[in-house]
Amino acid sequence: MRASLIQVGVDQQEPVNSRRERVASRVRSQADADLVVLPELWPVGAFAFDAFEEVAEALDGPTHQAMSAAARDAGVWLHAGSVIERDADGVLYNTSLVYSPDGERAAHYRKIHRFGFDKGEATLLGAGTEPVTVALPDTTLGLATCYDLRFPELFRQLVDAGAQTLVVPAGWPARRRAHWSLLARARAVENQTYVLACGTGGTHAGVEQAGHSVIVDPWGEVLAEAGPDEEIISAELDPELVGKVRHSFPVLRDRVLGLPTP
Ligand SMILES: O=C(O)CCC(=O)C(=O)O
């Protein structure tokens, strides 16, 4: 199973509509992949808070239209990264979208852990409340977004629900790049899963992005890693490797649950 991560360079000089078309054509260029992954909030930029209201869209909005068509044309499963979603009550969310190869939206996931402490996303957006897994023919995806990467309990919940490939779109800042790379590998090792961590490149809203998207296998080996700018990385995933690693080194079996509070 071939996975491609498109590390989109987000430049605010590029109009959102142009970026949508450009990214859709990059998705179409990956027709030899089974699964294509895009980053967090690539239409607007994860730190372009001032633009969130303006670009907010319904679940069937312009990004949905473009990504559904691109997935169908390429014949791939597409994790289309995330958009600023506006729901029927006017609440905004950071929402990831997943499409099947026939262009149907297979799932959406509203980011649970909002970043910014008392600023930015944490004050502008509503919080998701539901972990989401998506069954593909060869693997089950567990969905998380950017700051979620710091919360291992969410990933354990996804693994308990059957996730074998954890997908993490992000807009991670360059100044904490070491955390990004470390946590992506840690989530793979501790959960014995593939991790597909897809960030953005370039600089937007004055925040230099880490880039360095990475594909990690269930033993913690890095199969592919991007540099800082727009780039596509790919790797072959062996759907049987998750089971093999869990069988030969059965750490998950040794979990001790329900310990008393000290
Ligand atoms: O946790 C971090 O250091 C970065 C998180 C972030 O940028 C985000 O969730 O948008």
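All ligand and atom numbering here is 1-based and tracks the order in the structure.
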Student: Which atoms of ligand 1 have any heavy atom of E40 under 4.0 Å away?
Tutor: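 Near E40, the atoms of ligand 1 are 10 (O).
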
Student: When you measure from the heavy atoms of H179 to every atom of ligand 1, does any distance fall below 4.0 Å?
Tutor: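 H179: no contact with ligand 1 (<4.0 Å).
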
Student: Which ligand 1 atoms are under 4.0 Å away from a heavy-atom of R150?
Tutor: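 Numbered from 1, ligand 1 contributes 1 (O), 2 (C), 3 (O).
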
Student: What do we get for Y147 next to ligand 1 when only non-hydrogen atoms under 4.0 Å count, side chain, backbone, both or neither?
Tutor: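 Answer for Y147: both.
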
Student: May I ask you to check whether Q30 and S4 show a side-chain donor-acceptor distance below 3.5 Å?
Tutor: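 Yes, S4 and Q30 have a side-chain donor paired with an acceptor closer than 3.5 Å.
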
Student: Using a distance-only test with no angle check, is there a side-chain donor-acceptor pair under 3.5 angstrom linking R20 and T63?
Tutor: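 The criterion, which ignores hydrogens and geometry beyond distance, is satisfied for T63 and R20.
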
Student: Could you check whether D148 and Y109, counting side-chain N and O atoms only, form a donor-acceptor pair closer than 3.5 Å?
Tutor: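 On atom types as modelled, these side chains qualify, holding a pair under 3.5 Å.
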
Student: Can you name the atoms of ligand 1, numbered from 1 with element, that are less than 4.0 Å from a heavy atom of R176?
Tutor: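 Within the 4.0 Å cut-off of R176, ligand 1 contributes 2 (C), 3 (O), 4 (C).
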
Student: Output the list of atoms in ligand 1 that are nearer than 4.0 Å to some heavy atom of G171, sorted by atom number.
Tutor: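 Here the atoms of ligand 1 in question are 7 (O).
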
Student: Of all the atoms in ligand 1, which lie at a distance below 4.0 Å from a heavy atom belonging to P173?
Tutor: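 Heavy-atom distances to P173 below 4.0 Å select 4 (C), 7 (O).
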
Student: Would you tell me which option among E121, K111, H113, R177 has the nearest heavy-atom contact to atom 9 (O) of ligand 1?
Tutor: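 Going through E121, K111, H113, R177 one by one, K111 has the nearest heavy atom to atom 9 (O) of ligand 1.
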
Student: Regarding N94 and E121, do their side chains bring together a donor and an acceptor under 3.5 Å, going by distance alone?
Tutor: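 Yes, E121 and N94 have a side-chain donor paired with an acceptor closer than 3.5 Å.
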
Student: With a 3.5 Å cut-off and no angle check, do the side chains of R156 and N191 form a donor-acceptor pair?
Tutor: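 Yes, N191 and R156 have a side-chain donor paired with an acceptor closer than 3.5 Å.
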
Student: How about E40 and T145: does a side-chain donor come under 3.5 Å of a side-chain acceptor?
Tutor: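 Checked: E40/T145 side chains show no N/O donor-acceptor pair below 3.5 Å.
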
Student: Using distance alone, determine whether T145 and ligand 1 share an N or O pair under 3.5 Å.
Tutor: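 No; every N/O pair is 3.5 Å or more apart.
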
Student: Applying the 4.5 Å side-chain criterion to the ILVMFWY set and letting contacts propagate, would L125 and V207 be lumped into a single cluster?
Tutor: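 Same hydrophobic cluster.
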
Student: Going by atom types only, do T139 and T165 share a side-chain donor-acceptor pair under 3.5 Å?
Tutor: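 Judged by distance alone, the side chains do pair up.
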
Student: Just one of V37, L166, I233 clears the side-chain contact (heavy atoms from CB on, under 4.5 Å) bar with L196, so which one?
Tutor: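 When V37, L166, I233 are each tested with L196, the side-chain contact (heavy atoms from CB on, under 4.5 Å) holds only for V37.
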
Student: Looking at ligand 1, would R114 count as a contact under a 4.0 Å heavy-atom criterion?
Tutor: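 Outside the 4.0 Å threshold, so no.
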
Student: Does W180 have a heavy atom less than 4.0 Å from any atom of ligand 1?
Tutor: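 In this structure, W180 fails to qualify as a contact of ligand 1 - no heavy atom is under 4.0 Å.
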
Student: Please could you name the atoms of ligand 1 that F47 approaches to less than 4.0 Å, counting only its heavy atoms?
Tutor: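 So the atoms of ligand 1 that pass are 7 (O).
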
Student: Tell me which protein heavy atom sits closest to atom 6 (C) of ligand 1, plus the residue, atom name and distance to 0.1 Å.
Tutor: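 Residue, atom and distance for the closest contact: C146 SG, 3.2 Å.
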
